[in-house]
Amino acid sequence: MRNVMTVFKKEIYRVISDKRLVLTVFIVPGLSIFLIYSLMGTIISSQMTEAETHTAKIYAEHLPSSIETIMDDQMRYEIVEETYTRDELETMILEGNLDLVMIFDEDFTAQIEAYQGSALPSIEVLYNQSEQHSQGAFSRFQGVMATFHEQVIIERLENPEDYQVYTLSPSNIMDERAAAGAGFAMLMPMLIVIFLFAGAMSIGPDAIAGEKERGTIATLLVRPVKRSSIALGKVLSLAVLSLLSALSSFIGIILSLPRLMQMDDNLPDVSIYGVSEYLLILALLMSTVLFIVALISILSAYAKTIKEASMLIMPFYFIAIIVGVMNSFGADTSDAALVHLIPIYGPINVLSGILMFDFMLINLIITILSSLLYTAILIVVLNKMFSSEKIMFQK
Amino acid sequence: MYELVVKDIKKTFTLSKKQQKIEKTDQKRKVAVDKLSFTAHPGEIYGLLGPNGAGKTTALRCISTLIKPDEGDININGLSVKHDSLEIRKHIAFLTSELKLDDFFTPNYLFRYFSNLHGLDEATMHERKAKLFNRFGIEKFQEVKVGDLSTGMKQKLSIAIALVHDPAIIIFDEPTNGLDILTARSVINYLLEMKTEGKTIIISTHILDVVEKLCDKVGIIIDGTLQVDGTLSSIKTNSKDGTLETLFFDLMEEKVGEDHA
Ligand SMILES: Nc1ncnc2c1ncn2[C@@H]1O[C@H](COP(=O)(O)OP(=O)(O)O)[C@@H](O)[C@H]1O
Ligand SMILES: [Mg+2]
């Protein structure tokens, strides 16, 4: 046990006293996530404001004044004065010099008024779905025409009140806390697992495969230290470091959320969760990170070089991401107890549940205990690997 | 006082495809050490002399408990490498240029780390450190990262760190390999010093000169088997012209069937 602590302390010291590692493991993940997400948020919001304030350039023939009135009300636009041929108009739309072309029948208004028996008046519209502004102008124009349509119908009815066929009285009785929680539950579990994995990946291969590659592990193996102490010391230290690294990413994302979600610079309200939720999350994450780190340690112990270790870890990393994505965007959380025996999937599932204030204690317990059990099994394997001359001294 | 008895050890490796190419063989298995036996006594330096690939490193790794012999056993004061490896490691030091120190740490940190692993108390650690660092001139570099030390200083530090627990048995694979003359000389002198302190010392080498300078007893190992085993002087009497060199090359020729000189 004393040697577990000695190895543990050395591994921690190795990372936190190395400026380069502190930077790459604790600072860069959080900072880069913060910068990337903030930048994305800024770009998205500037695009959105630009689209909202854009004045649509419209070419119109025989535009009825009744429709023009509605347009004045509902959209920002200017009418192009010159006349063009059909071909010219198409080119202008394609090149983005014009957002919308609308050609009304010459006697559009007359036809609408004399509606019974006569043919339907038509409007020809040209727009470009792949141009943001053109597409926006078209959809606003559709809104305008819906209003116009309503006006016409009401005029045609003997009793205008007949247009109203029901009353709708929705009341949103959402639980603010659960709604906010659902937001967190959507993204956070996936991100947290990815962060834990990424954190462990940034140090695990170096701490184990690196020691093999550099020939420093044998220096340790000739000492009277149980292999299990080395395995435990490494896994525990890597777990703590990975948690800290994940925390850095986590802070980065929390700080960048206001920008990303256009939430008027209010930080997301993480205070909706109480001490008990945070403690449960911590317990859950500790057991999960132990499993992840033990897995990465085994792969790193098997590999001969850091590079090989990173390559071996990749597929597992992708599986973890896929599981996370499935949880975020796919099937909703399952209450079936057995699925919580599945590593990574179980923790993500329960984490979503905790964040939504809706989880079953038994599932949390199953998840934590099974993670710990798998970790124990992996550590036994790791211990065997550290004792194996084939693995440690392979040529 | 610790006597070391190597008894009939055999070690076979399974060769990977890559190794088969390097060794120019299509055999899947390689007997690296075969029926090797010798005894090393306290206050003596035992030298395993042999060409590259003879099985010296393999034999020393078995003694150091890094790998286990398939057959036979090695006994140190009644402890067996097969069953008491943890206990044996408390009494031995294994030195080789293949065992590296992490570039990132300082001599002070490493000395403390390995002392802790051996369970030394603070006072003993300081006393040993003062002695060893002084002996090898490491004091000035105590707080310099290993990566920034010269090769010679690194090697000296390796030795100091290997000896934190004042082991009774010192096992040194190719002690002068890759060392400049000055460092090699200081290493050789230190081993002689350890011998007078009553340590049991086993070295391996392919350099005749090292044997002449250091060893009290010699075992000549070729192709995994011990050809000759005895005191340096008694062995020389078996040689046509009384030199170790002639004996060695005669044995090589006999065994391998070609002149390696
Ligand atoms: N881990 C290993 N796997 C496979 N073959 C090995 C291994 N270690 C040593 N050998 C082989 O065993 C033989 C003896 O090697 P070694 O003990 O290193 O010789 P020496 O130290 O005398 O040069 C060589 O042929 C070597 O290739
Ligand atoms: Mg060798």
Side-chain angles (χ1 to χ4, degrees), chain A residues 1-22 24-25 203 206-230 232-234 237 304-306 308 383-384 386-395, chain B residues 11 13-16 18-19 22-23 30 32 57-58 60-70 84-106 109-110 112-120 145-147 157-158 161-162 164-165 167 171 173:
Chain A
M1 207 54 212
R2 191 198 66 224
N3 284 337
V4 176
M5 266 321 283
T6 306
V7 173
F8 175 85
K9 280 199 291 206
K10 180 209 151 210
E11 296 295 328
I12 299 274
Y13 177 77
R14 171 71 186 86
V15 173
I16 61 170
S17 64
D18 187 335
K19 286 203 197 77
R20 190 184 56 85
L21 283 179
V22 168
T24 54
V25 178
I203 37 182
D206 191 82
I208 299 181
E211 286 229 36
K212 277 173 75 177
E213 192 176 350
R214 293 188 293 269
T216 51
I217 192 82
T219 316
L220 188 56
L221 295 177
V222 291
R223 306 289 174 166
V225 182
K226 288 205 188 95
R227 276 40 179 158
S228 56
S229 303
I230 302 177
L232 261 179
K234 294 254 179 199
S237 57
K304 290 192 197 80
T305 62
I306 299 178
E308 190 186 344
N383 173 34
K384 284 253 158 20
F386 277 129
S387 317
S388 157
E389 53 188 74
K390 276 224 176 59
I391 287 169
M392 286 296 143
F393 300 102
Q394 211 166 33
K395 280 205 173 169
Chain B
K11 182 73 188 176
F13 291 112
T14 316
L15 297 182
S16 62
K18 207 169 91 196
Q19 277 176 289
I22 297 169
E23 307 255 332
K30 161 89 194 175
T57 299
T58 305
L60 296 194
R61 279 184 174 172
C62 287
I63 299 172
S64 317
T65 75
L66 282 177
I67 62 180
K68 280 202 163 78
D70 311 328
D84 319 300
S85 56
L86 198 65
E87 190 59 30
I88 283 188
R89 282 187 223 123
K90 292 180 184 168
H91 307 292
I92 62 169
F94 183 40
L95 282 142
T96 140
S97 54
E98 283 167 29
L99 301 191
K100 300 274 168 43
L101 297 173
D102 195 328
D103 278 351
F104 177 79
F105 295 104
T106 62
Y109 187 92
L110 289 172
R112 176 180 293 273
Y113 175 59
F114 285 106
S115 298
N116 286 343
L117 290 177
H118 280 283
L120 299 189
K145 286 190 175 167
V146 170
L157 178 63
S158 282
I161 297 240
V164 289
H165 54 308
I171 302 150
D173 195 11

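Every chain is numbered from 1 and lettered A, B, ... according to where its sequence line falls, protein lines coming before strand lines. Predicted, not measured: the structure shown is a model, and the values here were computed from it.
Options N116(B), L117(B), I161(B) differ in how many heavy-atom pairs under 4.5 Å they form with chain A, and the most are formed by L117(B). Interface summary for chain A: among D103(B), D102(B), I22(B), the most heavy-atom pairs under 4.5 angstrom belong to D102(B). The candidate from R14(A), K9(A), R2(A), M5(A) with the greatest count of non-hydrogen atom pairs under 4.5 Å with chain B is R14(A).
Atoms CG and CZ, from L101(B) and R214(A) in turn, are 12.0 Å apart once rounded to the nearest 0.5 Å. Considering OG of S115(B) and CZ of R223(A), their distance stands at 8.5 Å, rounded to 0.5 Å. The CZ atom of F105(B) sits 9.0 Å away from atom CG of D18(A), with the distance rounded to the nearest 0.5 Å. The OG1 atom of T216(A) sits 13.5 Å away from atom CZ of F104(B), with the distance rounded to the nearest 0.5 Å.
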Would you be so kind as to tabulate the donor-acceptor pairs closer than 3.5 Å made by side chains of residues 90-100 of chain B, with sequence neighbours excluded?
unit_1, atom_1, unit_2, atom_2, d
K90(B), NZ, E87(B), OE1, 3.3
H91(B), ND1, Y2(B), OH, 3.3
T96(B), OG1, E98(B), N, 2.7
E98(B), OE1, R61(B), NH2, 2.8

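Atom CZ of R112(B) has 12 or fewer neighbouring heavy atoms from other residues, nucleotides or ligands inside a 6.0 Å radius.
Using a 4.5 Å cut-off between heavy atoms, S387(A) makes no contact with chain B at all.
Side-chain contact between Y109(B) and K10(A) is present, with at least one heavy-atom pair separated by less than 4.5 Å. L66(B) has its side chain out of reach of E389(A): every pair of non-hydrogen atoms, C-beta onward, lies at least 4.5 Å apart.
Checked against side-chain hydrogen bond (donor to acceptor under 3.5 Å, both in side chains), K212(A) has no partners two or more places apart in sequence or in another chain.
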